[in-house]
Amino acid sequence: MEYNFREVEKKWQKIWKDEKTFRTEDKSVKPKYYVLDMFPYPSGAGLHVGHPLGYIASDIFARYKRLKGFNVLHPMGYDSFGLPAEQYAIQTGQHPEITTKTNIARYREQLDKIGFSFDWDREVRTSNPDYYKWTQWIFIQLFNSWYNPETNKAENISTLIEKFRRISPSPRGQGEAWDALSEKEQSDLLLQHRLAYLSDTMVNWCPQLGTVLANEEVKEGVSERGGYPVERKLMKQWSLRITAYADRLLNDLDGIDWTESIKEAQRNWIGKSEGTSLKFKIAPSPVILSGVEGQGEKLPDIEVFTTRPDTIFGVSFVTLAPEHELVSKITSPAQKTVVEEYIAFAKNRSERERMADVKKITGVFTGAYVIHPFTGKQIPIWLGDYVLAGYGTGAVMAVPAHDTRDFAFANYFGIDKKIIITPPTEWDFEKNSYDEKEGKLIDSDFLNGLEVKAAIKKVIAVIEEKGLGKGKTNFRLRDAIFGRQRYWGEPIPVYYQDGIPKVLAENELPLLLPEVDKYLPTETGEPPLARAKDWKHKPKSPFSKGTPSEEGGKGDDAYEYEFSTMPGWAGSSWYFLRYMDAHNEKEFISKEAANYWQNVDLYIGGAEHATGHLLYVRFWTKFLNDLGLIPVSEPAKKLINQGMIQGVSSFVYRVETSNKYVSFGLRKDYETTPLHVDVNIVNNNVLDVDAFKAWREENKDAEFILEDGKYICGSEVEKMSKSKWNVVSPDLMVEQVGADALRLYEMFLGPLELSKPWNTNGISGVSNFIRKLWRLYHADANNQQPTTNNFNVSNEPANKQELKTLHRTIKKIVHDIENFSFNTSVSNFMICVNELTELKCNKREILEPLAIIIAPYAPHVAEELWSKLGNTTSISYAQFPEVNESYLIESAFSYPVSFNGKTRFFQEYDLSLTKEQIEKEVLTLEQTQKYLEGKTPKKIIVVHNKIVNIVV
RNA sequence: GCACAUGUGGCGUAAUUGGCAGCCGCGCCAGACUUAGGAUCUGGUGCCGAAAGGCGUGGGGGUUCGAGUCCCUUCAUGUGCACCA
């Protein structure tokens with residue numbers, strides 16, 4: 001009898017479940033360790049073999065840490081709000097909750113088969129009211145907070161009100177101003193400071209999805225989900241003031257052990273740039289002053305933002321974004337028509353159009369001028385859509401000789417350039433602008449002769465002194481738009497009382513997602529929640545679980561709730577905390593749990609969340625930390641991004657106008673059409689022709705033109721997807737070779753971070769390995785044939801060789817796991833088992849520790865062997881064996897002897913010999929003399945325990 | 001365009017971090033056992049060469065007694081950002 005993985009794996013999965021083997025203690029004398037996976041969105045397609053890659057790695061690590069004596073938190077849950085379930089609901093009318101539940105059940109079934117050591121008692125689902133109650137609660141905290149730049153922390157909004165009361169000057173004197181304002185005025189003012197706020201913002205509007213999208217949900221001008229066009233639109237929207245945290249999000253990256261590429265992506269996304277604001281006075285033009293628009297008004301200055309104030313004497317025009325607020329006021333009557341046409345043109349260009357022809361230069365002259373702050377010369381004001389309204393001040397000073405974009409614009413419209421920096425090397429200013437921050441300033445008045453960096457310093461000082469502007473930092477990061485005009489998300493816990501947004505009281509949470517007749521916008525374009533009957537805040541609201549607050553509607557009063565819901569990333573921005581205290585009904589997390597578990601020690605997930613989830617979760621963590629609710633300011637100490645598993649598609653070649661299929665090597669002789677064929681009926685590129693005939697009705701009578709009696713398929717690496725017939729499901733692998741083999745194989749494939757195509761072909765290697773491992777504990781010493789299932793482990797003491805193999809393996813495995821090099825550990829297990837098989841070792845002293853070190857990787861077979869060894873408790877809580885270095889000490893080393901770096905032969909020397917002794921010994925060798933060919937060696941290098949190199 | 005990552009046998013990969021390039025596995029070749037093999041076991045397998053030997057880590061150059069590893073340069077592939085002043 002061979003090892004029966006089907007029976008054994010099922011047996012242990014049941015025991016783990018029944019005995020709650022992996023339930024995590026809330027309190028423990030053991031040190032804590034938190035291993036987290038990015039939880040999945042439960043899609044209808046189920047898991048393919050790519051998904052568990054990270055889960056397997058984290059599971060190995062979690063199991064290893066348990067063996068090392070840690071109290072390990074290793075939970076799993078579902079990011080279960082989101083678009084696909086809702087799109088499906090629109091098509092079928094089925095409630096997204098039903099779809100979601102079905103999908104989760106399928107995910108769970110698939111996950112269970114792989115033997116993960118999750119503590120399922122702590123499962124979270126973001127769409128569960130018990131969970132989103134607290135997502136809403138955190139939103140309320142954000143609403144009730146502002147960012148105090150003095151303390152550099154979020155604080156309760158009341159401290160801001162205090163401040164307003166205290167310091168606001170007003171016509172009627174100090175102290176009165178705030179209280180003299182109407183409630184609406186106060187609310188509007190506070191909204192400008194709240195961390196969750198309502199404002200008119202330019203949003204990415206996706207008409208097909210009927211919702212706004214965040215910047216990272218838009219890729220190349222179309223929606224990430226579905227690929228629909230996205231346009232810019234001004235809308236009243238809820239946003240989160242993540243920009244308040246921009247500096248901390250950037251600086252704290254240095255303190256966390258994340259991959260450089262993710263950190264770099266976040267740095268780019270935050271996009272900090274230091275520069276200067278600078279005011280330009282608008283030239284008093286009789287035309288403008290007497291014009292209808294500007295009459296009697298004192299025109300404000302145009303403020304630009306620049307990182308290169310040193311180039312101030314090279315400015316030849318100023319460009320405003322088409323949306324700039326001053327445009328209508330400054331435009332000369334003569335230019336009015338063209339300017340208005342241009343603004344209309346710029347507005348109607350969709351994002352995709354704009355991005356598609358980035359190189360196309362558009363712009364128009366306004367007819368107005370500014371005055372150069374130092375020279376007093378008049379400088380024309382242009383409009384150009386290369387200037388973004390949302391960044392800086394929406395206005396730039398254009399220095400065509402030293403800025404690529406200004407150069408292109410000036411060239412296109414024939415505007416003069418003025419060179420004011422001499423590059424250190426030859427430069428053709430006709431062809432390119434010189435943008436580098438190196439060289440000497442010329443034609444620049446008081447900056448003449450200075451190096452660029454010195455000039456920047458000096459000019460900022462002068463600008464500040466003259467009150468023309470000041471040093472300023474800008475961020476590319478925008479505030480996060482938080483509302484989605486969709487159904488399947490957390491309702492925003494807000495109602496509107498006389499146009500003033502108010503948040504629900506804590507005891508009114510959760511605000512339950514209401515039933516609607518359709519999951520579509522209303523006829524008037526309101527979000528789906530507007531369809532809900534009586535979607536209003538009032539006493540005993542049917543939608544909120546708690547009791548209504550004092551402030552809420554009284555009597556007949558009923559105030560409309562917010563119609564939009566939260567975006568997909570809301571729930572995932574704090575889920576790592578909820579696992580610590582998943583069933584707390586009183587708080588989002590208890591102080592004790594937060595203090596014990598701190599933050600995630602190891603976080604594993606895809607790199608695609610670099611600027612989305614991973615930025616938002618850092619933001620929320622810092623915010624909750626500011627309020628003193630949690631003790632940490634970063635969610636995860638260490639982050640690993642697992643690579644993507646691609647699919648390998650197989651192709652059959654159908655001969656045109658026939659039902660004949662020609663083998664890969666012979667296809668050139670025919671006119672053929674390549675067709676995707678299900679990879680599950682192809683093995684090592686050989687098609688299972690019977691399975692192929694059975695696969696589809698039309699293949700029943702297929703004929704084949706074979707080569708060497710086989711049908712060989714073609715193959716190609718593509719994304720793993722249903723339509724390409726290259727999806728390999730983990731269930732099938734588990735069925736065929738077992739969960740342990742799947743786990744080992746996914747790790748064996750290569751380094752975790754690397755993307756690689758899935759190729760089932762090699763899996764027989766790890767499958768054989770498991771059988772070989774099993775045989776070590778079973779075969780008789782004199783019968784290597786695996787015909788016996790008799791457990792046969794001896795209690796004799798192990799010999800030196802056996803101990804050396806074991807301890808060398810322990811050492812390597814510890815090193816590998818701690819460096820997350822899971823692929824090399826699998827090789828090392830194979831080497832170990834090969835050696836022990838060779839040694840015919842069946843000693844308990846060796847095989848018992850071996851079972852433990854292999855348990856994180858192949859837990860089922862390890863448990864079975866462990867129990868056969870006579871243990872009555874789970875191997876999961878055994879003690880990881882320590883390396884005994886004394887078994888590894890070698891007394892001699894076989895030195896490679898090389899001549900000019902080329903290895904020629906080996907010579908063993910005792911390790912106690914000194915370099916000089918070895919050098920002497922080597923020279924006496926006959927072999928050495930042969931390679932010296934009578935010459936005298938120039939130099940002999942002896943590296944202890946490494947190499948001998950003779951230079952001739 | 002900018003940033004990051006990766007280039008090693010037919011394939012996935014390894015290399016104690018500057019010291020024997022190719023561990024482990026797949027595939028392939030040969031043999032054993034077999035009615036049979038998509039089972040199992042044994043041996044072989046970087047390339048050229050009959051051998052001796054030579055060549056070899058994307059290409060070119062450098063540092064070094066010695067380079068897959070360090071430096072410069074260049075090419076290719078993948079990913080992210082993309083008029084951010």
Side-chain angles (χ1 to χ4, degrees), chain A residues 2 216 219-220 259-265 267-269 271-273 275 304-308 311 319 354-355 358-361 384-388 390-399 403-406 408-409 435 474-478 607-608 610-611 641 643-644 646 683-686 688 710 744-745 748-751 753-766 768-769 771 784-787 811-812 815 821 823-824 826-831 834 894-906 937-943 945-952:
Chain A
E2 283 279 303
E216 76 283 347
K219 304 269 147 145
E220 288 166 19
T259 56
E260 205 40 51
S261 63
I262 294 276
K263 289 197 201 180
E264 202 53 36
R267 284 188 196 112
N268 287 340
W269 192 260
K272 181 176 182 170
S273 66
V304 302
F305 174 73
T306 178
T307 55
R308 294 296 301 275
T311 59
T319 316
R354 217 177 64 80
M355 301 195 42
V358 163
K359 297 218 169 66
K360 194 172 151 198
I361 294 157
D385 72 351
Y386 81 96
V387 177
L388 305 176
Y391 184 78
T393 57
V396 302
M397 56 177 228
V399 185
D403 181 281
T404 311
R405 294 150 302 182
D406 300 339
F409 195 84
D435 298 13
N474 255 319
F475 293 95
R476 208 188 68 106
L477 183 72
R478 308 284 77 175
E608 66 273 20
T611 52
N641 302 114
M644 269 223 298
Q646 294 135 310
N683 195 339
N684 282 333
N685 288 336
V686 178
D688 180 338
K710 295 173 191 165
L744 286 171
Y745 188 58
F748 189 61
L749 237 33
E753 301 90 331
L754 236 64
S755 286
K756 51 232 153 188
W758 178 264
N759 187 346
T760 306
N761 293 346
I763 205 163
S764 61
V766 290
N768 281 341
F769 161 74
R771 279 204 291 272
Q784 283 296 306
Q785 287 301 309
T787 47
K811 190 175 178 175
K812 283 187 165 164
H815 180 264
S821 174
N823 53 325
T824 52
V826 180
S827 297
N828 283 322
F829 285 129
M830 287 174 173
I831 294 167
N834 286 348
S894 177
Y895 284 90
V897 180
S898 55
F899 292 79
N900 292 335
K902 215 167 282 263
T903 306
R904 294 301 180 177
F905 61 90
F906 293 88
K938 279 185 197 150
K939 200 174 176 184
I940 300 173
I941 290 118
V942 179
V943 183
N945 207 8
K946 284 266 160 68
I947 201 167
V948 175
N949 190 20
I950 299 170
V951 188
V952 188

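Order of the sequence lines fixes the chain letters, A, B, ..., with proteins taken first and strands second; residue numbering starts at 1 for each chain. These figures come from a predicted structure and were not determined experimentally.
Nucleotides G78(B) and C29(B) place their C1' atoms 36 Å apart, quoted to the nearest Å. Here, G12(B) and G58(B) have their P atoms 14 Å apart, quoted to the whole Å. For the P atoms, the distance linking G37(B) with C28(B) amounts to 14 Å, nearest Å. Straight-line distance between the C1' atoms of C75(B) and G60(B): roughly 10 Å, to the nearest whole Å. Nucleotides C55(B) and A21(B), compared at atom C1', are 13 Å apart to the nearest Å. Comparing the P positions of U69(B) and U63(B) gives an interatomic distance of 15 Å, to the nearest angstrom. Taking atom C1' in both A67(B) and U17(B), one finds a spacing of 12 Å when rounded to whole Å. Using atom P as the reference point in both U6(B) and G10(B), the two lie 23 Å apart (nearest Å).
When every heavy atom of K946(A) is checked against every heavy atom of P896(A), the shortest pair comes out as O-CD, 3.3 Å. Residue N641(A) comes nearest to T259(A) through the heavy atom pair OD1-OG1, 3.1 Å, listed as atom of the first residue, atom of the second, then distance. Considering every non-hydrogen atom in both S755(A) and M644(A), the closest pair reads OG-N, 2.9 Å.
Looking at heavy-atom distances under 4.0 Å, L754(A) makes contact with sugar-phosphate atoms alone, never a base. Contact annotation for N834(A): backbone-only contact, meaning every heavy-atom pair under 4.0 Å involves sugar-phosphate atoms and none involves a base. Here N823(A) lies in heavy-atom contact (under 4.0 Å) with sugar-phosphate atoms only. At a threshold of 4.0 angstrom between heavy atoms, the contacts of P757(A) with the nucleic acid are absent. Using a 4.0 Å heavy-atom criterion, one finds that V387(A) contacts the bases of the nucleic acid, with or without backbone contacts as well. Residue S898(A) is classed as having no contact, given no heavy-atom separation below 4.0 Å to the nucleic acid.
Checked by atom type and distance alone, the side chain of Y895(A) pairs as donor or acceptor with a backbone atom of N945(A) at under 3.5 Å.
Regarding contacts with the backbone of U40(B), a side-chain N or O of R771(A) is found under 4.0 angstrom from either OP1 or OP2. Residue N268(A) has no polar side-chain atom (N or O) positioned under 4.0 Å from OP1 or OP2 of G80(B). A close approach under 4.0 Å does not occur between any side-chain nitrogen or oxygen of S261(A) and OP1 or OP2 of A3(B). Between N768(A) and U40(B), a side-chain N or O to OP1/OP2 separation shorter than 4.0 Å is present. The shortest distance between the side-chain N/O atoms of R904(A) and the OP1/OP2 oxygens of C20(B) is not below 4.0 Å. Distances shorter than 4.0 Å separate none of the side-chain N or O atoms of Y386(A) from OP1 or OP2 on A85(B).
Summarising the base pairing, C83(B) is matched to no nucleotide, lacking a Watson-Crick or G-U wobble pair whose two defining distances lie under 3.5 Å. When both pairing distances are held under 3.5 Å, U17(B) makes no Watson-Crick or G-U pair with any nucleotide shown. Base-pair partner of U42(B): A30(B) (Watson-Crick or G-U wobble, both distances under 3.5 Å). A 3.5 Å limit on both hydrogen-bonding distances identifies no Watson-Crick or G-U partner for A50(B). With both pairing distances under 3.5 Å, A67(B) is matched to nothing as a Watson-Crick or G-U wobble pair.
Distance E264(A) CD to A5(B) C1': 12 Å, rounded to the nearest Å. As rounded to whole Å, 11 Å separates atom C1' of A82(B) from atom CG of L388(A). For the pair E260(A) CD and G80(B) P, the interatomic distance rounds to 18 Å; values are reported in whole Å. Per the geometry, CG belonging to N641(A) stands 13 Å off P belonging to G80(B), to the nearest Å. Rounding to whole angstrom units, CZ of residue F899(A) and C1' of G19(B) are separated by 16 Å. Taking atom CZ on R476(A) and atom C1' on A82(B), their separation rounds to 8 Å, with Å as the unit. For the pair I361(A) CD1 and C83(B) P, the interatomic distance rounds to 14 Å; values are reported in whole Å. What separates CZ of F475(A) from P of C81(B) is a distance of 20 Å, to the nearest Å.
Nucleotides of RNA chain B nearest to T824(A) and L477(A) differ in position, and the one nearer the 5' end is that of T824(A). RNA chain B is contacted by both I947(A) and G750(A); G750(A) maps to the nucleotide lying nearer its 5′ end (nearest heavy atom per residue).
Regarding the sugar-base torsion, U63(B) falls in the anti class, its angle being beyond 90° of 0. G37(B) has its base anti relative to the sugar, with a glycosidic angle deviating from 0 by more than 90°.
Residues F905(A) and F899(A) meet the side-chain proximity criterion, which asks for heavy atoms closer than 4.5 Å. Looking at heavy atoms from C-beta onward, L749(A) lies in side-chain contact with W758(A) at the 4.5 angstrom threshold.
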Atom pairs, protein N/O to nucleotides 64-67 of chain B N/O, distance under 3.5 Å:
from: C65(B); atom 1: O2'; to: N949(A); atom 2: ND2; distance (Å): 3.2
from: C65(B); atom 1: O2; to: N949(A); atom 2: ND2; distance (Å): 2.6

Apply side-chain contact (heavy atoms from CB on, under 4.5 Å) to the pair M830(A) and V766(A), showing each step before the final yes or no.
CA-CA 8 Å; M830(A) 287 174 173; V766(A) 290; 3.7 Å; yes
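Once rounded to the nearest 0.5 Å, the distance linking CG of N828(A) with CG of N823(A) reads 10.0 Å.
Among the nucleotides C81(B), G12(B), G19(B), the one closest to any side-chain atom of W269(A) is C81(B). Among the nucleotides C26(B), A85(B), C24(B), the one closest to the side chain of M830(A) is C24(B). Closest to the Y391(A) side chain, of the nucleotides A85(B), C24(B), G12(B), is A85(B).
Annotation: side-chain hydrogen bond (donor to acceptor under 3.5 Å, both in side chains) contacts of T824(A) (sequence neighbours excluded): D816(A), S821(A). Under the ring pair (Phe, Tyr, Trp, His ring centres under 6.0 Å) criterion, F829(A) pairs with Y857(A), not counting sequence neighbours.
The aromatic rings of Y386(A) and F409(A) sit tilted, their planes meeting at an angle between 30° and 60°.
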